[in-house]
Amino acid sequence: MLPNRAVVIEGVAKDWECLRRWIDRSMVPPTLNVVYLKNTLPNVPVPVADCDKQHYNSHEKLEQNLHEFLQRWQTNATTERNRYYLKDWHLRRENPDYAFYRTPALFASDWLNEYLTEKGTDDYRFVYIGPKGTWTAFHADVFGSYSWSVNIFGQPYKNS
């Protein structure tokens with residue numbers, strides 16, 4: 001942390017539920033396993049960012065039911081599907097018994113979330129799901145803290 005450089009750690013997610021089950025690798029190309037997610041997760045309201053609508057330095061957000069968001073992945077309406085991504089979803093908080101990931105030992109001491117969870121005010125464990133073409137603006141992590149992220153599928157945008 002002292003030199004403030006990003007670090008890439010590989011292999012931490014190899015046995016996670018989200019890596020094994022959220023992607024349908026029988027499809028060519030592989031895609032989000034909508035059927036599994038709809039059968040596993042409740043149809044709750046989720047925050048969705050609209051990449052076609054700017055709101056200050058971010059995207060306009062709306063709320064959709066999870067299954068409605070997932071249904072877009074099964075349709076051929078790629079123009080509409082590629083506008084929206086699920087952003088800042090508190091899946092762990094809303095479904096504490098669903099073990100879709102495990103915090104790597106390297107990051108086990110999470111004082112910010114321990115404090116906020118104990119107070120019952122918030123947490124900063126989010127899930128993001130978006131198709132090719134969705135994006136988030138350049139930003140700093142909450143409270144200027146350090147964070148860790150895991151990319152389960154796909155790749156970051158490369159400006160070439």
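The structure presented is a predicted model; accordingly, all values stated were derived computationally and were not measured.
Residues P47 and D88 come closest through the heavy atom pair CG-O, 3.6 Å. Contact between L19 and A13 at its shortest, heavy atoms only, is CD2-O, 3.1 Å. When all heavy atoms of Y85 and G130 are compared, the pair lying nearest together is CB-CA, 3.5 Å.
Note: the hydrophobic cluster containing F107 also contains L91 (ILVMFWY, side chain heavy atoms under 4.5 Å, direct or indirect links). V150 is connected to L106 through a chain of hydrophobic side-chain contacts under 4.5 Å among Ile, Leu, Val, Met, Phe, Trp and Tyr, so both are in one cluster. In the hydrophobic clustering of ILVMFWY residues, with side-chain heavy atoms under 4.5 Å counting as a link, I9 and W148 come out together.
Of the possible donor and acceptor atoms, one in the side chain of D50 sits under 3.5 Å from a partner among the backbone N and O of D52. Here the side chain of R92 pairs a donor or acceptor atom with the backbone of Y101 at under 3.5 angstrom. In this structure, the side chain of D24 engages the main chain of S26 through a donor-acceptor pair within 3.5 Å.
Atom CD of E118 sits in a sparse spot, with 12 or fewer heavy atoms from other residues, nucleotides or ligands closer than 6.0 Å. Within 6.0 Å of atom CZ in R20, more than 12 heavy atoms from other residues, nucleotides or ligands are found, so the atom counts as buried in its surroundings. A 6.0 Å sphere centred on OH of Y115 holds no more than 12 heavy atoms belonging to other residues, nucleotides or ligands. Other residues, nucleotides and ligands contribute more than 12 heavy atoms inside 6.0 Å of the NZ atom of K61.
With values rounded to the nearest 0.5 angstrom, L62 atom CG is found 12.0 Å from K87 atom NZ. We find the CG-OG1 distance between N33 and T40 to be 8.0 Å, quoted to the nearest 0.5 Å. Taken to the nearest 0.5 Å, the CD atom of Q71 stands 11.5 Å off from the CD atom of Q64. If you take CD1 on I129 and CG on L86, they are separated by 5.5 Å, rounding to the nearest 0.5 Å. How far CZ of R72 is from NE2 of H67: 14.5 Å, rounded to the nearest 0.5 Å. Separating the CZ atom in R93 from the CZ atom in F126 is a distance of 8.0 Å, to the nearest 0.5 Å.
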Starting from the C-alpha separation in whole Å, work towards a yes-or-no answer on side-chain contact (heavy atoms from CB on, under 4.5 Å) for H59 and Q54. CA-CA 5 Å; H59 295 112; Q54 198 72 15; 4.2 Å; yes
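Between W22 and F100, the two ring planes are parallel [angle under 30°; tilted spans 30° to 60°].
In this structure, the side chains of L37 and L32 come closer than 4.5 Å at one or more pairs of heavy atoms. Under the 4.5 Å side-chain criterion, counting only non-hydrogen atoms from C-beta, L66 is in contact with L41. Counting only heavy atoms from C-beta outward, the side chains of R125 and H90 never approach each other to under 4.5 Å. Looking at Y128 and W89, their side chains never come closer than 4.5 Å, going by heavy atoms from C-beta outward. E94 places a side-chain heavy atom less than 4.5 Å from the side chain of V44.
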